[in-house]
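Quick note on labels: first sequence line is chain A, next is B, and so on, each numbered from 1.
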Amino acid sequence: MTPKVARQVIEKSNNHSKQTMSNKQVRYEALVGAYHKDMYRYAYWLTQNSAIAEDVVQETFLRAWKSLDSLQDEKAAKSWLITILRRENARRFERKQFEMAEYEEQHIIDNKSTSTEQNIENYWLRKQIAALEPEYREPLLMQVIQGFSGEEIADLLGLNKNTVMTRLFRARNQLKEALESKPKNVRLG
Amino acid sequence: MDDLEFRRQIIADPQSANDALQQAADQDPAKQQLLDEMLGLDNKIHQALNIDVPEGLAQRLILKQSIESYKQQEQKKHRWSLGIAASIAFTAALGLSAWIYQPINTSFAGQYALDHLHHELSYSGVIDEQVTLNQVNSKLASFGGKLKQQFTHVSYANFCELNGLKSLHMVLTGQHGQVTVFVLPKDNTLTEWRDFSDERFHGITQRLSQADLIVIGEKNENLEQIKTKLSDNISWSI
């Protein structure tokens with residue numbers, strides 16, 4: 001191979017890798033755009049701390065970027081990301097770098113709800129969700145935030161579908177009962 | 001559908017109310033009420049879970065990734081340049097040792113002559129400067145030699161330096177192509193003055209008192225004859 005030919009081959013492969021790189025970049029940014037909000041909300045309700053949630057989401061997307069090539073089916077992106085996120089969250093306990101966070105009340109005060117009534121109810125409900133057992137809360141997060149079906153949740157959590165449905169039933173039932181027994185006046189803050 | 005099963009399904013997943021569930025609800029106001037209630041609760045849960053996402057999170061995710069990507073590229077570049085540096089150092093070391101051991105490698109007179117010949121064959125083999133006797137003698141003079149008569153055509157006669165050794169490189173015309181003659185000063189460090197050959201040429205050597213001669217020609221060339229003519233024709237001033 002003459003140097004000229006070799007140079008051409010290298011240039012070609014460089015172009016090729018640049019192209020692959022930019023394709024990957026486009027895919028990554030699309031992934032961030034489409035899923036970062038849901039992932040953050042999921043992480044927030046999992047960790048109940050906004051700073052830790054953001055850390056977990058950062059780690060999740062970084063890992064996602066590193067192994068983006070393994071994501072072949074865009075339809076699987078959401079459950080793929082959730083799997084990574086749950087692993088990153090579990091890693092946090094392995095590292096013992098973070099303390100178990102206290103539920104951050106100030107963060108969840110709602111600024112969106114229009115009426116005070118709604119606001120109070122929302123606040124109350126958030127407290128109740130935060131108080132749910134993690135094993136009940138997580139299937140609920142998957143169902144409501146991510147829109148996963150019972151089968152998909154069962155798959156992600158490694159449980160059978162009946163167990164998942166039971167947990168979902170209990171989670172909602174607890175919230176329902178909590179709302180029903182809600183005191184008339186709840187003070188904010 | 002019994003009441004319990006209806007409750008179980010509606011509470012676990014109110015959004016997935018299928019035809020059977022809807023039908024059951026249509027027939028029973030109490031079931032319909034539960035369904036409405038659970039859909040309402042679901043709506044509230046959805047709102048409650050729908051917390052604010054920190055501003056600029058998407059941009060921070062992309063930033064972190066691009067920094068990481070840059071770091072990786074730098075590392076790759078670093079590794080790449082380290083590789084280049086290592087191979088340059090290796091080549092340099094190899095070259096240095098080759099240079100240091102060069103006198104040993106080329107101390108064999110025949111090898112020196114063959115190297116020299118092959119090195120310059122590309123032009124010394126093709127040009128014909130039609131060198132005159134005077135021109136030959138002006139060059140031979142530096143060795144204190146003088147050619148009495150031109151016994152053959154001389155197409156090239158020049159001083160060359162190869163591997164730090166300066167010699168007179170002459171190309172004569174023999175019976176079977178060109179004959180190359182090297183005249184070397186006596187202070188050369190070459191050894192093993194004997195006949196030699198490679199796949200194309202063969203050569204003979206002669207050490208005279210004033211200079212050393214190496215004569216190289218094609219395999220079938222009668223070199224002895226040329227050497228004799230040369231040594232007979234050159235008179236040495238000292």
Next on the checklist: Which atoms of Gln143(A) are under 4.5 Å from chain B, going by heavy atoms: the side chain, the backbone, both sets, or neither?
Outcome noted: side chain
Checklist entry - Is the His169(B)-Phe182(B) ring centre distance short of 6.0 angstrom? => result yes
Item to check | Val164(A) versus chain B, the contacting section by heavy-atom distance below 4.5 Å | outcome: neither
Item to check | Side chain proximity check, Gln65(B) to Lys66(A), heavy atoms < 4.5 angstrom | outcome: no
Checklist outcome for this item: Whatever's closer than 4.5 Å to a heavy atom in chain A on Gln9(B) counts as neither
Item to check | Residue pair Gln33(B), Glu37(B): steps toward the side-chain hydrogen bond (donor to acceptor under 3.5 Å, both in side chains) verdict | outcome: CA-CA 6 Å; Gln33(B) 198 195 337; Glu37(B) 200 185 317; 4.6 Å; no
Item to check | Short side-chain donor-acceptor distance under 3.5 Å, Asp36(B) and Gln32(B) | outcome: yes
